[in-house]
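One structure coming up, written as structure tokens, with questions to follow.
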Amino acid sequence: MKRVIKTRRLVLLAIIVLPFAVAWAEYADVVINMQAEDKGMSPVIFPHWFHRVRFQCSVCHVDIGFKTKAGASGITMDKISQGQYCGACHNGEIAWSAENCDFCHSGTPGLETGVEGGHKTAGPGYY
Amino acid sequence: MISLRARAMTIIGLLVSVLAVFVHAAVAQDNPNAFNRLMKPPSERNAPPESDGIHDPTADGTLMLQPPQESFAGLPKSRSGNYVNWSEAIENGQLAPRSDLHNPDAQAIVLDLNIIREVKGSMPDVVYPHKQHTQWLDCSNCHPAIFIPMKGANQISMASILMGEKCGVCHGKVAFPVSECRRCHSKPKPMDQP
Amino acid sequence: MSRNKLTFEKLRCSAGAFAIVVVSLSVMCVVPVFADEAEDPMATRDRLVRTLLFESSAARKVEMSGNEAAMAKHAEAIKVFEAASKNEFADLREEQYNRAVALLYEAASLATSAADSDDKIQRDLVNRQQSLDALLSAHERIMDEKNSPAVHNALLEEVAAERLAADALLREGRTAEAKTHIDRAYVTTKLSVERARKGETLLRELNFETPEDEYKYELDRNDTHRMLLKVLLDDKMKNERIRDRVDVHVTESDELREQAEGYAGNKEYETAIDTMEESTRELVRAIRSAGVYIPG
């Protein structure tokens, strides 16, 4: 019983402390929202770090053909379903297939397409 | 004798005060003479998706994603960006990202060629190592779209990099940020030079 | 039990009680928000798959394609989806949703014309050819430098053979196969460059062909420092005293830059370079006067 109460307290504590923790996007997370929200879906957040752990840059940026500029590739669900862009891996063979909509479409509404997290380039005042 | 009720209250009170201390410690660092007063502790870096400010914390998908700290824990550290030294991680074999979509054993062709670029002033000259770059990239990532592989053909300035061109296509977005001056400007000038 | 201790105990209890009240209040404030926003996972899934089936680019393309096989698959996907929506068993429902998505993807593939999917291969081929050209010209310069034009000529022969094979395939519209030849030529060139340059260090000296080139370099350096001013001092400039101090140098720098541009306009590049250098030095002073050290 006591343990239950303790755990519950810890959860409560977590809820209270969490808002105080400083939070920002992981470096190089890419928000992709050229089409998503217009079509009633949450923006996509692409965790660049997760993918570079598994693949060299050239696999996606040469072989698959992602441009090195956020929003420039013109990714659509249609192309993904034909095995282009994300669909080159997310096909149930190399990685989970694109049935899990909300693994990718998990951004908060209103985000703009671009690279997130800490320092950025692209324009004076940001690096 | 203290009544059972009083004892119970004491225990609860104690528990809560201990928690309160924790809360306090978490909100404001308690000891004014503690180390690293102005340095962000590692626990505040690499926030998990549900509290990173861009993922929807109420979406189920968000909770399925890997928190970065879980992945980065054993990797060599750096001072900014993801706080991971990615090239060192490849160099010491901790990471071996695939170079081919379908063939996990394919080896990338690595070019061991350094290019030193002189700069004006007391700023150290730039050393560009092809090696660390070709461990991640293919020649065609950069040549000829970003850099022409010819001596004197590339006007590179910090201004253009800060605008997200040249090196700034990656550095400052996905590779280590340009605030890490000395990782590129790494060849000091001889002392007798002005 | 002393009186003092009792009071302390009471205090502790009331502190505890107070903390509990605070904790519960905050939780009461937080929990309803979460409860309100959190959607039942199955309902979310239903909503997301519905969007994919009815509104996504893939669904629209299938409907606009006029391809009967594709449209039939789409209809089947919708049927499976509707069955899923009504299914009471979560496991089966999940499977049906997955099946519906897979069917839609099949439909989209059917609706894709060969020309559509050739787009990417075509683009890849063009990019690869450009990279091959760039590496080949680099290879030529390297072999010139090393006095071994024979190596380059041998490579050229190899590349020409691959190109010939690629062209023949292209004429038959076999783009993907043509690309494998260009890929092979590219990898051969890359390997030859790698062997030739292995372990080398090249120096790009700071030599300017004309004073005008040097002036352009100085102009760029000045621009860079102006950006750094913004990047490094954005926060600090909120402090009035720092801003005043910085502004003195920036004003000075602005005047010098204007003069330098004037000299350059009259083709007096030597003076223009010196003046522009002085303007940049003022910017360095401005940045340092705010307490940020940068090398000059």
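Heavy atoms only: backbone and side chains are in, while hydrogens, waters and symmetry mates are out.
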- Message: Taking side chain as everything from C-beta outward and backbone as N, CA, C, O, which of these in C/R128 sits under 4.5 Å from a heavy atom of chain A? Side chain, backbone, both or neither.
- Response: side chain
- Query: Which pair of non-hydrogen atoms, one from C/R45 and one from A/E99, has the smallest distance, and what is that distance?
  - Reply: NH1-O, 2.9 Å
- Taking every heavy atom of C/D124 against every heavy atom of A/D63, the minimum-distance pair comes out as OD2-O, 3.9 Å
- If you measure from CE on A/M41 to CD on C/E55, what distance do you get to the nearest 0.5 Å? 10.0 Å
- Item | Polar side chain donor-acceptor pair, A/Q82 to C/T112, under 3.5 angstrom | yes
- Message: Is it the case that the side chain of C/S57 and the backbone of A/M77 share a donor-acceptor pair, with hydrogens and angles ignored and the cut-off at 3.5 Å?
- Response: yes
- Message: Any side-chain to backbone donor/acceptor pair from C/Y105 onto A/A98? Under 3.5 Å, distance only.
- Response: yes
- Supply the atom-to-atom distance A/T76 OG1 to C/R60 CZ, rounded to the nearest 0.5 angstrom. 9.0 Å
- Message: More than 12 heavy atoms of other residues, nucleotides or ligands under 6.0 Å from CD of A/E112: yes or no?
- Response: no
- Note on the structure: Here the gap from A/H105 atom NE2 to C/T44 atom OG1, rounded to the nearest 0.5 Å, amounts to 14.0 Å
- So which part of C/L52 gets closer than 4.5 Å to some heavy atom of chain A, the side chain, the backbone, both or neither? side chain
- In terms of heavy-atom pairs under 4.5 Å, which option from C/A59, C/S56, C/A58 contacts chain A the most? C/A58
- Are there more than 12 heavy atoms of other residues, nucleotides or ligands under 6.0 Å from atom CE of C/M71? yes
- Task: Drop me the distance from A/C101's SG to C/R50's CZ, to the nearest 0.5 angstrom.
- Result: 13.0 Å
- Task: Might you confirm whether atom OH of C/Y293 has over 12 heavy atoms from other residues, nucleotides or ligands at distances under 6.0 Å?
- Result: yes
- Message: Which atoms of C/N98 are under 4.5 Å from chain A, going by heavy atoms: the side chain, the backbone, both sets, or neither?
- Response: both
